[in-house]
Amino acid sequence: MDWLQAFLPLNLERLSVWIGVLCTLAIYSLLYRENPIYRFFEHMYIGLAAGYSLGPLGVDILYRYWIEPIWIQGYWAWAFVVPYGMYLYFIFSERYGWISRIVIGTLIGASAGLFFQEFSSRYLPQLNSTLQKPLWVSDANPDLTYGMIINNILFVIILLSVLTYFTFSYEQRGPVKRVAIWGRWFLMIGLGAIFGNTVMARMALMIGRIYYLLNDWLLIRVGGG
Amino acid sequence: MLSVDRRWLYLILFVNIVIFLLAPLRMPASISPPVQKFYDEIEKLQPGDLVMISSNWSASTLAENQPQLEAVITHLMRKQVRFTIISIEAQSRDISYRLAERVTKEKGYQYGEQWAHFGFVPNLAVAIKGMVTDLPNTIKQDVRGTAVAELPVVQGVKSLSEYKMIIDVTPTGSVPVWISYSPKNVKILYCPTSVMAAEAYTYLDSGQIKGMITGAKGAQEYEQLLGITGLGAPFANTISFSHLLIIAFILLGNFAMLMNRLQARREA
Amino acid sequence: MSYQHAQDNWFAAIIIGFIALAVLVNILRAQLGAQLYIRRIPGLDAIDEAIGRSTELGRPVTMIPGLTDFGVVAVQALTIFKYITKQIARFATPMRLLSGNPTVFAVAQEAIADAYNEAGRPDLYDPDNVRFLSDRQFAFASGVAGLIQRERVAANFMFGEFFAESLIFAETGNMVGAIQIAGTISFTQVPFFVAACDYTIIGDEFYATSAYLSREPVLLGSLVGQDIAKLLFALTTLGGVIAASIAGTDAPIIKLLGQPGGWEAFWKSVLQGGGQ
Amino acid sequence: MGVLTNLMAQQTIWRLPEESRVLFATLIVAGAFVLILGLIPVLQTLPPRGRRAIIVTVTFLAGLFFAAEFFLPVDWTAIFPKDDPKRNFLTPAIQPAQNVLQIIGALALGLGTFGLVRLHLRNTVQRRAQWGYSIVLLVSFVVMATFSILNTLAEKKIVERGPMLERGFSILFDYTLIQLDAAMFSLVAFYIFSAAYRAFRIRSVEASILMFTAMLVMIGVVPLGAQISPALPTIANWVLAQLNAPAQRAIEFGVGIGGLAMAIRLWLSLERGVT
């Protein structure tokens with residue numbers, strides 16, 4: 001009886017747990033098949049998510065970067081930004097549709113221009129750290145062990161063979177083809193490793209959900225402790 | 001076996017997890033070096049030292065982050081250390097506040113005197129910079145609406161640099177932010193989820209992080225060091241057995257495929 | 001370890017300049033009529049097969065750029081979708097493009113309308129078929145999963161940047177028996193696409209896709225330039241590890257090759273070395 | 001350089017006077033709307049080639065701004081000793097430019113939301129199949145949008161945060177949306193199982209390699225692996241660090257170079273892509 005009283009949604013805290021459980025079970029019902037309950041929650045989910053975004057990603061941004069600078073701080077030049085961005089809204093018009101491409105062009109140009117910094121920041125340090133792998137023991141690198149040497153040689157071989165596989169502009173044949181096939185196999189090792197490593201994190205997600213169902217909803221102690 | 005309906009697979013996985021969560025099964029874990037370092041760092045603290053816990057997880061990563069946070073708070077209370085908690089989102093504030101309240105109540109730790117929750121800050125980098133220069137005015141109020149300047153636990157504390165340690169319990173990439181902006185004299189310890197851990201080894205090597213508890217597995221090791229029964233052990237065991245289940249099914253599938261092939265060859 | 005400006009290490013400007021030159025020269029060569037080759041990419045040959053099947057079954061084709069932020073990757077994904085749309089316009093096969101980023105959605109509207117125009121079937125374009133579902137990762141995933149199951153799509157194309165939701169799309173697509181072709185630059189999601197899709201376009205095959213599909217000289221030329229750039233990276237790697245073996249990993253020449261601040265360190269050591 | 005920077009820093013011409021700022025600001029914004037939208041009929045008179053020229057120019061200039069800021073030298077102290085050696089004359093404009101992109105992003109969100117709402121309004125009005133679900137979507141959208149916007153405004157201290165707002169937002173966001181996120185995310189665990197079961201077969205060399213490494217790592221990373229053999233976790237970590245890392249890096253290089261080539265083509269409008 002005590003359990004039942006604690007279990008039923010008789011106060012706000014219990015009600016919140018019941019809502020959460022209902023959401024979870026409705027989503028899980030997709031595993032059986034697509035059904036009206038899932039459909040109901042899916043549409044609710046998208047509606048909620050779309051509504052939520054308007055606050056932090058719509059109103060907040062416009063207020064912070066447009067309204068505040070103009071009306072409170074008095075930087076008048078910002079006034080032109082929103083009308084210019086509004087050109088985007090002509091996208092649905094057949095006659096004026098091309099005007100939206102001016103704004104799209106701005107966005108494309110900006111992302112192209114920004115890519116130079118991204119390329120340097122993201123890929124050049126990686127190139128550099130690849131170079132810090134000596135292939136034999138010498139006085140220049142006194143701390144090196146033979147184990148590390150083998151790892152380094154392997155690293156360079158794998159890198160170069162996978163890179164060979166990802167060339168397109170000539171026909172791969174003879175030794176190049178063999179190297180490319182090895183590259184593809186090394187690639188499969190990498191992909192398998194990622195798959196195996198991700199399983200743990202995904203299982204943890206579901207364990208968290210089932211723990212919530214058992215502990216918070218059904219009030220069962222977990223772990224036998 | 002080859003064309004088994006995938007719904008059976010789902011059901012088996014679900015039941016498997018429920019069983020191993022409920023079974024009172026304890027498999028001892030071997031303690032990994034980052035967890036041992038984490039433990040040793042907290043052991044070095046003196047009663048009354050101040051520790052900041054940054055807790056940024058919510059419902060999704062509960063299985064990995066909740067046992068970590070519970071074990072860490074238990075250890076801090078055992079060392080009679082003062083601690084404050086901070087989050088970057090409302091939902092992680094609520095979940096960590098509820099959890100800390102439950103765990104501290106069990107041990108008779110006083111809110112306001114020995115620990116406090118600072119609520120959430122929207123922008124972590126800005127908040128850290130602010131806490132370094134003027135902590136009470138950056139946070140302003142704790143989660144219960146008391147002015148930070150009036151909380152006994154941080155009485156007279158003006159800056160984050162007066163803390164001894166920062167512990168980041170998180171599923172996101174917040175630790176580089178703490179490393180970049182927090183004072184150099186404050187040690188940083190890290191409790192990531194298992195996917196985030198791989199990227200953190202460079203920080204561990206360079207000493208920017210002093211110790212690390214990885215996911216539920218790390219929490220299990222930590223519980224073992226503390227000698228407590230927490231959620232880490234059942235969660236980590238359940239993960240082990242679900243992996244075993246998947247591997248068993250992969251092998252079964254291959255076995256069935258080979259059998260089919262043999263039969264087809266015999267018939268031909 | 002990051003670059004704020006090219007001056008952090010002028011090596012960045014040199015290498016970008018070299019790649020740009022290699023790409024632009026080869027584009028010019030191609031435009032002047034040089035015959036350029038591109039090797040086979042198996043997954044892309046299957047696009048027509050997948051479209052054909054959709055047409056036969058009369059069930060829709062879905063195109064998913066995922067949650068890709070607007071940028072270079074998104075534009076490439078939309079270029080591929082534009083090509084696919086042009087193909088399906090010929091058979092009047094129904095299509096859905098589902099985006100998780102509003103800016104990508106806006107540009108996709110324009111690109112798909114264009115595709116129908118270029119295929120000579122502007123009457124088939126319906127703006128409601130290009131949809132923005134949600135910018136929230138799993139709300140988007142739930143919408144896509146629901147739609148794939150409800151409409152029992154016959155072909156599912158996923159191109160762009162993907163995160164943990166990739167497997168939800170790929171497995172639901174597999175469940176309804178759709179032919180699935182995925183292409184992504186997100187290395188961590190490739191294993192899931194490989195496991196659940198019929199064909200997976202890996203890494204920068206993604207950028208080679210439009211060249212392969214359209215055989216436009218500009219794109220083929222660019223591809224030659226990219227291969228030259230890869231050769232440059234490979235040679236730098238080889239030269240660098242040999243230099244590191246001889247001179248040590250802390251040598252200024254190693255710092256010069258890509259480390260921020262390496263340019264100054266290198267020239268300082270050269271000048272000091274000269275003085276000794 | 002110094003002169004130019006000083007001129008840019010002259011705040012007076014860029015700022016409206018303190019008194020009756022709200023009035024001036026409103027007038028200027030109204031003027032900006034009239035001016036920019038008034039340009040449309042003028043733009044409309046352009047022939048197709050002129051239109052394309054405008055788009056190409058705008059694309060090029062937007063790219064040029066960010067590219068120039070990155071490539072131009074920042075350290076001018078040899079010529080202007082007092083100059084900040086960490087920025088060139090374009091650097092101060094980077095943050096405002098990023099803000100412009102953010103604003104356009106927010107407007108695009110409005111456009112996307114408009115598209116979503118329009119689709120479901122049409123479904124409802126025309127009583128298309130399953131229009132009931134469209135109503136569910138619209139209702140939850142309207143309710144959540146109201147609470148979310150009020151909540152944002154409350155953070156800005158524009159509206160009062162009452163208990164009604166607090167509790168309503170918490171039920172919709174923390175107890176519903178976050179739970180839906182967690183539930184949907186955890187579905188991946190089921191899918192990873194069925195995908196592994198179906199795909200990991202010894203069919204070809206490639207599939208076998210994929211399967212064996214996945215199984216090895218799967219067992220090596222869990223506590224059970226260490227129980228079976230202490231070497232297993234070491235081997236799993238070695239595979240991840242030494243065999244996976246170089247393959248991943250090679251792919252990254254290819255992707256980086258491919259992206260760079262694409263960026264150059266887009267910047268110079270060499271590609272007959274989406275514009």
Side-chain angles (χ1 to χ4, degrees), chain A residues 16 19-20 23-24 27 43-45 47-48 50-52 54-55 57-62 65 70-71 74 76 79-81 83 85 101 105-106 108-110 112-117 119 123 151 155 158-159 162-163 166 186-190 192-193 195-197 199-200 202-203 205-206 209, chain D residues 15-16 21 25 28-29 32-33 36 51 55 58-59 62-63 66-67 70 99-100 102-104 106-107 109 113 133 136-137 140-141 144-145 148-149 152 175 177 179-180 183-186 188-189 192 206 209-210 213-214 217-218 221 239-240 242-244 246-247 250 254 256 260 263 266-267:
Chain A
S16 72
I19 296 174
C23 291
T24 306
I27 294 286
H43 283 84
M44 184 180 90
Y45 193 4
L48 289 176
Y52 174 73
L54 286 188
L57 300 176
V59 173
D60 185 54
I61 300 263
L62 284 182
Y65 296 131
I70 299 173
W71 272 275
W76 55 268
F80 294 91
V81 177
R101 293 188 187 201
T106 316
I108 289 179
L114 280 165
F115 199 83
F116 296 112
Q117 189 189 347
F119 179 83
Y123 303 107
N151 280 339
F155 194 101
I158 296 178
L159 180 86
V162 176
L163 208 53
F166 283 104
F186 283 128
L187 189 63
M188 288 302 145
I189 294 180
F195 195 106
N197 196 39
V199 173
M200 175 147 92
R202 300 298 177 252
M203 288 305 143
L205 292 172
M206 194 179 25
R209 270 293 92 182
Chain D
R15 287 187 85 163
L16 297 168
R21 183 173 274 175
I28 285 198
V29 170
F33 267 96
I36 300 258
R51 293 177 183 183
I55 296 166
V58 165
T59 308
F66 287 103
F70 178 68
N99 294 355
V100 170
Q102 292 255 22
I103 293 173
I104 295 179
L107 293 173
L109 180 73
T113 312
Y133 296 106
V136 173
L137 189 144
S140 46
F141 167 76
M144 187 62 171
S148 178
I149 289 172
T152 306
Y175 300 146
L177 196 55
Q179 298 294 340
L180 284 165
M184 199 70 208
F185 196 0
S186 68
V188 180
I192 217 170
E206 285 183 12
I209 296 176
L210 193 69
T213 26
V217 173
M218 225 187 283
V221 292
V239 171
L240 271 170
Q242 296 300 332
L243 302 185
N244 171 41
L260 186 62
L266 288 175
W267 182 26

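Order of the sequence lines fixes the chain letters, A, B, ..., with proteins taken first and strands second; residue numbering starts at 1 for each chain. Any value given below was found using the heavy atoms of this structure, including those in side chains, with hydrogens, waters and symmetry copies removed. Bear in mind that the values here come from a model prediction, so they are computed numbers and not experimental data.
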Item to check | Residue pair D:Phe70 / A:Phe119, side-chain heavy-atom distance below 4.5 Å | outcome: no
Checklist entry - Is there side-chain contact between D:Leu243 and A:Phe155, with heavy atoms separated by less than 4.5 Å? => result no
Using a 4.5 angstrom heavy-atom cutoff, name the option from [options] with the most pairs to chain D.
options	answer
A:Leu114, A:Val59, A:Thr24	A:Leu114
A:Gly20, A:Gly47, A:Gly113, A:Gly58	A:Gly47
A:Val162, A:Ile61, A:Leu62, A:Ile189	A:Ile189
A:Ala50, A:Pro83, A:Ser16	A:Pro83

Checklist entry - Are any side-chain N or O atoms of A:Arg202 and backbone N or O atoms of D:Val188, one a donor and one an acceptor, separated by less than 3.5 Å? => result no
Using a cut-off of under 4.5 Å for heavy-atom pairs, which of [options] has the most such pairs with chain A?
options	value
D:Ala67, D:Ala106, D:Gly256	D:Gly256
D:Gly254, D:Ala214, D:Ala145	D:Ala214
D:Val239, D:Thr113, D:Ile104	D:Ile104

Checklist entry - Where do D:Val100 and A:Thr106 land on the side chain to side chain contact (heavy atoms under 4.5 Å, CB included) test, with the steps shown first? => result CA-CA 11 Å; D:Val100 170; A:Thr106 316; over 6 Å; no
Next on the checklist: If I measure from the heavy atoms of chain D, does A:Met44 come under 4.5 Å with its side chain, its backbone, both, or neither?
Outcome noted: both
Checklist entry - Contact part of A:Phe116 toward chain D, heavy-atom cut-off under 4.5 Å: side chain, backbone, both or neither? => result both
Checklist entry - With sequence neighbours excluded, what pairs up with A:Asn197 under the side chain to side chain contact (heavy atoms under 4.5 Å, CB included) test? => result D:Val217, D:Val221, D:Leu240
Item to check | ring pair (Phe, Tyr, Trp, His ring centres under 6.0 Å) partners of A:Phe195, counting only residues at least two apart | outcome: C:Phe192, D:Phe200
